[in-house]
Amino acid sequence: MFNSKIAGIGMYVPEQVVTNNDLLQYMETSDEWIQERTGIKERRYAHRTEETTTTMAVEASRIAIERAGLQPTDIDFIVFATLSPDYYFPGCGVLLQRAMKMKEIGALDVRNQCSGFVYALSVADQFIKTGMYKNILVVGSEKHSFGLDFSTRGRNVSVIFGDGAGAVVLQPTEETGRGILSTHLHSDGESAEILAMYNPGTHANHWTNEPVADFDEAEIGEMFFSHAMVDKAQVFPNMDGQAVFKKAVVKFPEVINESLTANGLTPADINLLVPHQANLRIAQFVQQKLKLRDDQVFNNIQKYGNTTAASIPIALCEAWEAGKVKDGDVVCLAAFGSGFTWASALIKW
Ligand code: UT7
């Protein structure tokens, strides 16, 4: 059995920079509030019509594939993580396969929100280990700016999120003790509604036991997506931020320690922790809890906000480009988010 290694990495963020002050034209908020609570100074928004979750993924993937010394036709499997797909279905994986003129390879979409990239990496890792595939493209991409509530009502969610994409190419490595050492995946669906976007969906209020208003048997499609949902702003993500925060600061250190213990290591052995960029305060809390130095943790949420499934590959790519990830380094990726789901991956670069 081979370990898998990251053979190429790439990222893409849209050109348009949106500062905290730019958001004042839509909602009551302030640069001070956003920076103090989240650390975010600005984020990027995709072009409304010319960029999609998939087109951004294409840009990041081109770089990752080129850095791996490959052509798009060499890729033999795609794992695509996103919560903001171009279409409700089919998934972005097939759109990426088409856009990059790849062969008729398998394309799998992963729906694990903030943990999506680590889940996707773990899936790809298993396929490499079993020898089924040799060049897997793993992508995280999000176009959040298209689906947020920009009124004051939605400000606790909308100020946090940004757009962008990151991608890696996974390949087998013959060197023992190198590459992805282990991955650890978790979920707890008890709190599924705490950070969720319900509509469009097939739930019919089943899980929340709320009455289904004005349901007309003749218009069953209305249950999936209706004017009322739009009128009541039930088509946006909703989040109990404090509940997410409290759980995140417990589960992040837990899943990082789990990966270290599984490999006989301690926090002192980490050369670089790349946490999902959810909130700078969460990352700082995790750093403190694990007693990590500043140079052991990489954050770039200040520039890009929270890009969900894209945040880890974007941060990892920037860290790598800045020379902060070197041959032989122990790199830990860790994520927590909607579901709840959380995950980690420990890599010997
Ligand atoms: O990656 C996905 C996973 N998500 C997360 O990890 C998010 C985790 N949670 C958080 O990052 C934080 O909870 C938030 C940044 C979302 C919110 O910070 P908070 O310190 O928990 O604020 P809060 O929701 O408790 O709200 C405090 C106050 C409220 O006003 P009142 O009721 O005290 O008068 C909010 O209405 O701040 C108000 N508020 C805002 N004010 C200005 C909420 N959003 C904003 C805003 N600008 N954007």
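What you see below is based on every heavy atom in this structure, not just the backbone, and it leaves out hydrogens, waters and symmetry mates.
Formation of a donor-acceptor pair under 3.5 Å by the Arg43 side chain with backbone atoms of Val159 is found in this model. Listed for the Gln287 side chain is a donor-acceptor partner under 3.5 Å among the backbone atoms of Leu292. For Thr261 (side chain) and Glu258 (main-chain N/O), no donor-acceptor pair under 3.5 Å exists by modelled atom type. Within the 3.5 Å criterion, the main-chain N or O of Ser122 finds a donor-acceptor partner in the side chain of Gln126. Between the side chain of Gln97 and the backbone N or O of Lys103, at least one donor-acceptor pair lies under 3.5 Å. No donor-acceptor pair closer than 3.5 Å links the side chain of Thr173 to the backbone N or O of Ser4. Judged by distance alone, the side chain of Asp31 and the main-chain N or O of Asn21 form no donor-acceptor pair under 3.5 Å. Checked by atom type and distance alone, the side chain of Glu142 pairs as donor or acceptor with a backbone atom of Leu83 at under 3.5 Å. His203 contributes no side-chain N or O that, together with a main-chain N or O of His206, makes up a donor-acceptor pair within less than 3.5 Å. Remark: side-chain polar atoms of Gln296 are paired, donor with acceptor, to backbone N or O of Ile270 under 3.5 angstrom.
By the ring-ring contact (aromatic ring centres under 6.0 Å, His included) test, Tyr26 pairs with Phe150, sequence neighbours left out. Residues passing the ring-ring contact (aromatic ring centres under 6.0 Å, His included) test with Phe340, sequence neighbours excluded: Phe336. Remark: Phe89 pairs with no residue by the ring-ring contact (aromatic ring centres under 6.0 Å, His included) rule, at least two apart or across chains. For Glu32, the side chain to side chain contact (heavy atoms under 4.5 Å, CB included) partners two or more places apart in sequence, or in a different chain, are Ser30, Glu36. Under the side chain to side chain contact (heavy atoms under 4.5 Å, CB included) criterion, Val286 pairs with Phe252, Pro253, Ile256, Leu273, Ile282, Leu290, not counting sequence neighbours. When the side chain to side chain donor-acceptor pair (under 3.5 Å) test is applied to Gln288, no partner is found at least two apart in sequence or on another chain. Legend: residues meeting side chain to side chain donor-acceptor pair (under 3.5 Å) with Glu175, ordered by chain and number and at least two apart, are Arg178. Shown here are the side chain to side chain contact (heavy atoms under 4.5 Å, CB included) partners of Glu104, two or more places apart in sequence or in another chain: there are none. Residues forming a salt bridge (charged side-chain N to carboxylate O under 4.0 Å, His left out) with Lys41 (at least two apart in sequence, or on another chain): none.
The closest side-chain heavy-atom distance from Met56 to Pro14 is below 4.5 Å. Contact annotation: the side chain of Leu265 approaches that of Leu346 to within less than 4.5 Å [non-hydrogen atoms, C-beta and beyond]. Contact of the Ile75 side chain with the Ile65 side chain is registered, since non-hydrogen atoms from C-beta on lie closer than 4.5 Å. With contacts defined as side-chain heavy-atom distances shorter than 4.5 Å, the pair Leu260/Pro267 qualifies. The closest side-chain heavy-atom distance from Val169 to Ile6 is not below 4.5 Å.
For Asn20 and Gln35, the side-chain atoms include no donor-acceptor pair closer than 3.5 Å. A donor and an acceptor atom, one from each side chain of Ser84 and His144, are nowhere located under 3.5 Å apart. Judged by distance alone, the side chains of Tyr45 and Glu51 never bring a donor and an acceptor atom under 3.5 Å apart. Side-chain contact annotation: Thr307 with Asp163, donor-acceptor N/O pair under 3.5 Å absent. There is a side-chain donor-acceptor pair under 3.5 Å between Asp86 and Thr52.
Summarising the geometry of Ile9 relative to Arg67, their closest heavy-atom pair is O-NH1, 2.8 Å, with the distance given to 0.1 Å. Nearest heavy atom pair, residue Lys129 against residue Ile180, reads NZ-O, 4.3 Å. Shown here for Val118 and Ala343, the closest heavy-atom pair between the two residues is CG1-CB, 3.6 Å.
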Inset, instruction - Could you walk me through whether Met11 and Ile63 pass side-chain contact (heavy atoms from CB on, under 4.5 Å), step by step? - result: CA-CA 7 Å; Met11 62 170 275; Ile63 299 167; 6.0 Å; no
Inset, instruction - Walk me through it: do Met239 and Val244 pass the test side-chain contact (heavy atoms from CB on, under 4.5 Å)? - result: CA-CA 8 Å; Met239 172 171 78; Val244 179; 4.0 Å; yes
Inset, instruction - Output, in order, the C-alpha distance, side-chain angles, deciding distance and verdict of ring pair (Phe, Tyr, Trp, His ring centres under 6.0 Å) for Phe117 and Phe80. - result: CA-CA 8 Å; Phe117 184 78; Phe80 198 127; over 10 Å; no
Legend entry - Residues Lys289, Glu254; criterion salt bridge (charged side-chain N to carboxylate O under 4.0 Å, His left out); working and verdict: CA-CA 10 Å; Lys289 182 107 191 196; Glu254 210 173 274; over 6 Å; no
Inset, instruction - For side-chain contact (heavy atoms from CB on, under 4.5 Å), just list the numbers for Arg62 and Val58, CA-CA rounded to whole Å, side-chain angles, deciding distance to a tenth of an Å, and then say yes or no. - result: CA-CA 6 Å; Arg62 268 193 221 296; Val58 168; 3.4 Å; yes
Inset, instruction - Before giving the answer on side-chain contact (heavy atoms from CB on, under 4.5 Å), spell out for Asn257 and Thr266 the whole-Å C-alpha distance, their side-chain angles and the decisive distance to 0.1 Å. - result: CA-CA 7 Å; Asn257 276 325; Thr266 69; over 6 Å; no
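Atom CD1 of Ile314 is separated from atom CD1 of Ile312 by 11.0 Å, given to the nearest 0.5 angstrom. Expressed to the nearest 0.5 Å, how far CD1 of Ile34 lies from OG1 of Thr29 amounts to 3.5 Å. Interatomic distance, OG of Ser311 versus CG of Asn300, reported as 7.5 Å (0.5 Å rounding). Here the OH-OG1 distance, from Tyr198 to Thr208, works out to 6.5 Å after rounding to the nearest 0.5 Å. To the nearest 0.5 Å, atoms CG (Asn271) and NZ (Lys324) are separated by 13.0 Å.
Within a 6.0 Å radius of CD in Gln71, no more than 12 heavy atoms belonging to other residues, nucleotides or ligands are found. Heavy atoms from other residues, nucleotides or ligands lying under 6.0 Å from CH2 of Trp33 number more than 12. Counted within 6.0 Å of CZ on Arg153, heavy atoms from surrounding residues, nucleotides or ligands total more than 12; the atom is thus considered enclosed. Taking a 6.0 Å sphere around CZ of Arg111, one finds it holds 12 or fewer heavy atoms contributed by other residues, nucleotides or ligands.
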When the side chains of residues 131-138 are checked against the rest of the protein, which donor-acceptor pairs come out under 3.5 Å, sequence neighbours left out?
from: Asn135; atom 1: OD1; to: Gln171; atom 2: NE2; distance (Å): 2.8
from: Asn135; atom 1: ND2; to: Asp74; atom 2: O; distance (Å): 3.3

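Residue pairs meeting the salt bridge (charged side-chain N to carboxylate O under 4.0 Å, His left out) criterion with at least one partner in residues 297-306, sequence neighbours excluded, are Lys303-Glu318. Counting only residues at least two apart or in different chains, side chain to side chain donor-acceptor pair (under 3.5 Å) contacts with residues 338-349 comprise Ser115-Thr341.
Between Glu190 and Lys247 no salt bridge is recorded (no basic side-chain N to carboxylate O distance below 4.0 Å).
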